[in-house]
Amino acid sequence: MKVIRADVYGFCFGVEKAIDMAFDEIYTNTSNGPIYALGQLIHNPQVIEKLENAGVQIISSLDKITSGTVIIRSHGVGKETYDIATNQSLKIIDTTCPFVKRIQKIASQYVAKGYQIVIVGNPSHPEVVGINGWCNNKAIVINDEKDLINMHKADKVCVVAQTTIEAIKFDSICKVINACSNEVKIFHTICNATANRQKAAKNLAKNVEAIIVIGGYNSSNTSKLVGICKEIRPKTTYHIETVKDVNVLEMIKYETVGVTAGASTPSQTIEAVICKLNNL
Ligand code: SF4
């Protein structure tokens with residue numbers, strides 16, 4: 001069997017940085033105080049388990065936290081969360097991805113200049129909630145062209161994108177906003193990491209008999225990769241979380257097997273799967 005890797009797969013720069021910073025803190029924190037992560041740092045149950053085993057407690061709000069260290073994940077949070085953490089004298093380990101930080105900065109600068117901020121993205125995604133937190137929670141969030149109905153006419157509009165939305169969707173929404181506002185500033189803040197992984201998965205699926213997509217069953221970027229591969233290989237796309245899920249009896253049927261992984265899948269997990277396939 002020939003095992004072929006996608007051209008791009010696995011951890012993106014932002015997630016890798018977040019995990020490195022979290023483990024650095026765990027190994028170097030000498031305060032003996034508790035270490036919290038505000039929300040799941042990464043959508044991968046094995047990594048979360050590792051963090052929890054190392055003593056990190058996952059929390060959903062800072063309400064009852066009075067001491068210790070709080071890790072802010074790569075999706076980022078609103079300004080209010082930093083204020084609460086500072087007021088409660090918590091040590092902050094900020095792993096917000098620099099690409100997301102840039103959006104927060106743009107949003108906050110343009111709010112100060114009197115612009116109505118429009119975020120093109122999913123309103124319930126933590127990244128979007130966090131960006132809105134830099135707009136006094138007054139941004140208009142557009143997930144779909146039909147949401148444009150909620151858009152009131154504003155003189156000055158500043159449009160930003162959630163990092164993981166599709167460029168086509170962003171461009172067509174911007175076109176409509178452009179037509180109905182007097183002054184529009186558009187910031188193309190989409191991150192290429194997701195798009196590059198999707199493109200590479202699609203190319204690979206075309207050139208193999210079967211494709212394995214590795215990543216958390218709760219990871220939305222992994223599920224998107226699975227969907228893309230299934231469009232090309234509806235019956236021979238396999239979504240697995242770890243090496244334990246490799247179906248040996250199925251795999252030995254194929255001469256070429258492709259391997260890709262979501263942006264939140266650690267390299268050890270990917271290498272373990274590839275090693276098992278190579279041994280078949
Ligand atoms: S997908 Fe892009 S924006 Fe999101 S964490 Fe990764 S590098 Fe950062």
Side-chain angles (χ1 to χ4, degrees), residues 6-25 37-48 51 56 58 70-78 81-82 92-108 117 119-135 139 141 143 159-171 186-202 213-216 218-228 260-270:
D7 284 343
V8 202
Y9 59 89
F11 271 2
C12 64
F13 148 80
V15 169
E16 185 161 32
K17 180 176 155 278
I19 297 299
D20 284 351
M21 285 177 75
F23 278 106
D24 273 357
E25 179 59 23
L38 190 52
Q40 297 222 336
L41 270 194
I42 171 173
H43 292 142
N44 184 283
Q46 290 73 41
V47 178
I48 293 295
L51 285 165
V56 174
I58 315 280
V70 61
I71 304 171
I72 291 171
R73 60 184 167 176
S74 55
H75 292 319
V77 292
T81 305
Y82 290 94
I92 301 173
I93 301 296
D94 189 356
T95 79
T96 307
C97 176
F99 298 134
V100 178
K101 269 260 184 254
R102 175 176 169 250
I103 307 176
Q104 295 174 345
K105 203 169 159 197
I106 293 169
S108 127
I117 307 295
I119 308 168
V120 181
N122 175 354
S124 53
H125 192 285
E127 179 190 314
V128 173
V129 175
I131 297 166
N132 201 1
W134 289 89
C135 312
V141 183
N143 196 19
V159 192
V160 294
Q162 180 184 337
T163 51
T164 47
I165 66 149
E166 304 96 79
I168 292 182
K169 186 175 177 181
F170 182 67
D171 292 342
I186 294 173
F187 292 90
H188 200 284
T189 50
I190 296 172
C191 163
N192 288 334
T194 313
N196 289 345
R197 277 156 186 71
Q198 293 176 356
K199 203 169 145 200
K202 194 172 183 175
V213 185
I214 315 164
N218 62 343
S219 153
S220 89
N221 77 79
T222 304
S223 305
K224 273 188 196 149
L225 288 181
V226 174
I228 287 164
T260 186
S264 46
T265 311
S267 57
Q268 300 96 302
T269 308
I270 303 166

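Whatever order the structure lists them in is the order used to number ligands and atoms, beginning at 1.
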Ligand-side contact atoms (ligand 1) for residue partner C97, heavy atom cut-off under 4.0 Å
3 (S), 5 (S), 7 (S), 8 (Fe)
What is the nearest protein non-hydrogen atom to atom 4 (Fe) of ligand 1, stated with its residue, atom name and distance?
T163 OG1, 4.0 Å
the protein heavy atom lying closest to atom 6 (Fe) of ligand 1 turns out to be C12 SG, 2.3 Å
Should the pair H43 and H75 be assigned to parallel (<30°), tilted (30 to 60°) or perpendicular (>60°) ring geometry?
tilted
Using side-chain heavy atoms (C-beta onward) and a distance below 4.5 Å, is K224 in contact with T194?
no
For the student: nearest non-hydrogen atoms of I72 and T95, plus distance:
O-OG1, 2.6 Å
Heavy-atom nearest pair, Y82 first then V77, reads CE1-CG2, 3.6 Å
Under 2.8 Å from atom 6 (Fe) of ligand 1, can any N, O or S atom of C191 be found?
no
Could you give the distance from CD1 (I93) to CG (L41), rounded to the nearest 0.5 Å?
11.0 Å
Report the nearest protein non-hydrogen atom to atom 7 (S) of ligand 1: residue, atom name, distance rounded to 0.1 Å.
G14 N, 3.5 Å
